[in-house]
Amino acid sequence: MSLLDIDERLLDLIEKVEFGRSPINDIKVPGACDIGLVEGGLCNEDNVRTLNEFRENCSILVAVGACAINGGVPALRNEIDLKDCLETSYLTGVGIVDAQIPNDSELPLLLDKVHPIFDAVKIDYVLPGCPPPAEAFLELVTAVIEGREPNLGYQLRRFD
Amino acid sequence: MTIDIKNPSFLLDGEEVPFTEGQTVMEAALTAGSYIPHLCFHPELQAHGSCRLCIVESDNRLHASCTLQANSRLKVSSQTQAINKMRKHIVQMLFVEGNHICPSCEFSGNCQLQAMAYELDMEEGHFHFRYPKREQDASHNDIFLDRDRCINCELCVRASRENDAKNVFSLGGRGTETHLCANSASGKLGDTSLDVSDKAANICPVGALLINDQSYVTPKEDRVYYQTSISLRGNRRPKEIE
Ligand code: SF4
C-alpha cells in the first residue's frame with residue numbers, strides 16, 4: 001500500500017500503467033503482466049500458490065519489503081516449533097475461550113517455517129524497507145518503463 | 001617510489017598514507033582519514049582480525065588490514081570492485097547467520113552491520129537464511145543481551161578484559177554454534193560484574209547488548225547512519241556523534 005504514498009504522482013503513473021491483481025481492486029487471478037510487486041514472506045500454502053501464479057504471469061518480479069526479502073517479523077516464529085506456536089496461540093495462551101486449533105478447509109495450511117520469497121521463485125529486483133520509501137517504488141517502476149536500471153540512492157535503500 | 005625514512009608512508013589506493021613505527025595499515029589509514037570498512041576493529045583495543053571486512057590486497061594476496069603491519073614497500077588496494085563484492089558477501093553471510101530483523105530492532109539506524117550493508121549496496125541476503133535458535137538473556141537489571149543479533153566480533157569480550165579490567169564475556173562453542181557467553185557460574189549476565197558504565201556495555205556495533213532505558217530515545221532521522229554512510233561517519237556509537 002505504500003505505493004500510494006507517491007501521492008499525486010500516482011495520477012501520472014496511472015497514465016502509463018494498468019493495475020492487474022492488487023489489494024485495491026478485486027481481481028483474483030493475475031493475468032499476463034510486466035511488473036509484479038510481491039510483499040510479504042511465505043507463511044502458508046496459499047502464499048506459495050499466489051507467488052507461483054505471479055512468477056508465471058509477470059515478466060519482472062519484485063520482492064517488496066523486509067518480509068518478502070528475509071521473512072521479516074513473521075520469521076521470528078522460525079525459532080519456535082509450529083506445534084508450540086499453535087498450541088500457545090489457540091490452546092494454552094492467556095485468556096483463551098473455547099480453546100481449539102482452527103482447522104477449516106477454507107483456511108490455508110501454515111508452512112512449517114516462514115520463508116523469503118527467493119526460496120520459491122526467481123526474483124528480478126528487490127525494494128528493501130519496512131515499508132520501502134514511496135520514492136523507491138516510483139524510481140523502480142519508472143526505470144522499468146523507461147527501460148533502464150533502477151537507481152536507488154542511500155536514502156531509498158532502507159532495511160527498517 | 002622513493003622511501004623517506006624519517007616520514008615513512010605506504011600507498012593505499014594510489015594515495016600516500018603516512019604511518020609511525022608499529023602501526024597497522026588500518027590504524028594508519030584511519031589516522032589519515034581514509035576509511036577501510038571494518039566491524040571487529042576498535043582503535044582502543046587489540047586487533048582481532050576476525051570479521052574480514054577490512055581485507056585489502058597487496059602483492060596479489062588478501063590481508064586483514066587491522067593486523068597487517070604498515071611498511072614503506074606496501075602498495076595496498078582497498079576500494080576495488082572485486083574487494084567490495086567480497087565484503088558484501090561477508091556482510092550477507094553475517095545477516096543470514098543470525099536473526100537480524102531490522103524493522104523490529106531498537107538499534108536500527110545506529111547499527112554498524114546495517115550501515116555496512118548500505119555502504120556495500122547490499123539489498124538482500126543472497127544466501128539461505130539459517131534462522132538459528134539462540135538464547136536471550138534478560139537477567140541483568142540494566143543490560144539486555146540479544147544473541148540473535150550478535151556477530152561474535154568479540155569487541156565486548158576485549159573491552160571487558162583490556163579496558164574494564166574484568167572478564168565478563170567470552171566466546172564459546174564451535175563453528176555455527178559459536179556464541180557469546182557470560183562468565184558467571186550460572187552463565188547469566190545478571191550474575192556477572194558488568195556495569196552500565198563499563199566499556200563492554202557500550203561498544204557493541206549491533207543491537208546485541210542494549211542498555212535498557214536507551215532504546216528509542218532518538219527519532220529515526222537522527223540516528224547515526226540515517227543520513228550519512230559509515231564510510232563518512234566512521235564506526236560510531238550513538239553517544240559518540242556530536
Ligand atoms: S554482543 Fe556485540 S560486541 Fe559482543 S560479540 Fe556480540 S556483536 Fe560483538
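Order of the sequence lines fixes the chain letters, A, B, ..., with proteins taken first and strands second; residue numbering starts at 1 for each chain. The figures here come from the full heavy-atom set of this structure, side chains too, leaving out hydrogens, waters and symmetry mates.
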Inset, instruction - Any chance you could lay out the salt bridge (charged side-chain N to carboxylate O under 4.0 Å, His left out) test for A:R49 and A:D46, step after step, and finish with the verdict? - result: CA-CA 5 Å; A:R49 188 180 46 73; A:D46 190 53; 2.2 Å; yes
Legend entry - Contacting region of A:L127 [heavy-atom separation from chain B under 4.5 Å]: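 No part of A:L127 comes within 4.5 Å of chain B.
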Legend entry - Structural part of A:F159 lying under 4.5 Å from a heavy atom of chain B: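 Both backbone and side chain of A:F159 come within 4.5 Å of chain B.
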Is there a side-chain contact between [X] and [Y] in this structure, where contact means two heavy atoms from C-beta onward sitting under 4.5 Å apart?
X: B:L39; Y: B:C153; result: no
X: A:L13; Y: A:I6; result: yes
X: A:L111; Y: A:L82; result: no
X: B:L120; Y: B:L53; result: yes

So which donor and acceptor atoms of chain A and chain B come within less than 3.5 Å of each other?
unit_1 : atom_1 : unit_2 : atom_2 : d
A:N70  : O      : B:Y131 : OH     : 2.8
A:E79  : O      : B:K133 : NZ     : 3.3
A:E79  : OE2    : B:N99  : ND2    : 3.1
A:D119 : OD1    : B:H128 : ND1    : 3.3
A:Y154 : OH     : B:Y225 : O      : 2.8
A:Y154 : OH     : B:T228 : O      : 3.1
A:Q155 : NE2    : B:Y226 : O      : 3.0
A:R157 : NH1    : B:Y118 : O      : 3.1
A:R157 : NH2    : B:D121 : OD1    : 3.0
A:R158 : NH1    : B:Y226 : O      : 3.4
A:F159 : N      : B:Y118 : OH     : 2.9
A:D160 : OD2    : B:S108 : OG     : 2.6

Pairs of donor and acceptor atoms involving the side chains of residues 91-103 of chain A, under 3.5 Å and at least two apart or interchain, shall be tabulated with distances.
unit_1 : atom_1 : unit_2 : atom_2 : d
A:T92  : OG1    : A:E87  : O      : 3.3
A:D98  : OD2    : A:Q100 : NE2    : 3.4

Inset, instruction - For A:N47 and A:N44, indicate whether the former's side chain and the latter's backbone hold a donor-acceptor pair under 3.5 Å. - result: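 Present.
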Inset, instruction - Give the member of B:G109, B:C102, B:C105, B:A117 that has the highest number of heavy-atom pairs under 4.5 Å with chain A. - result: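 Of the candidates given, the most pairs with chain A belong to B:C102.
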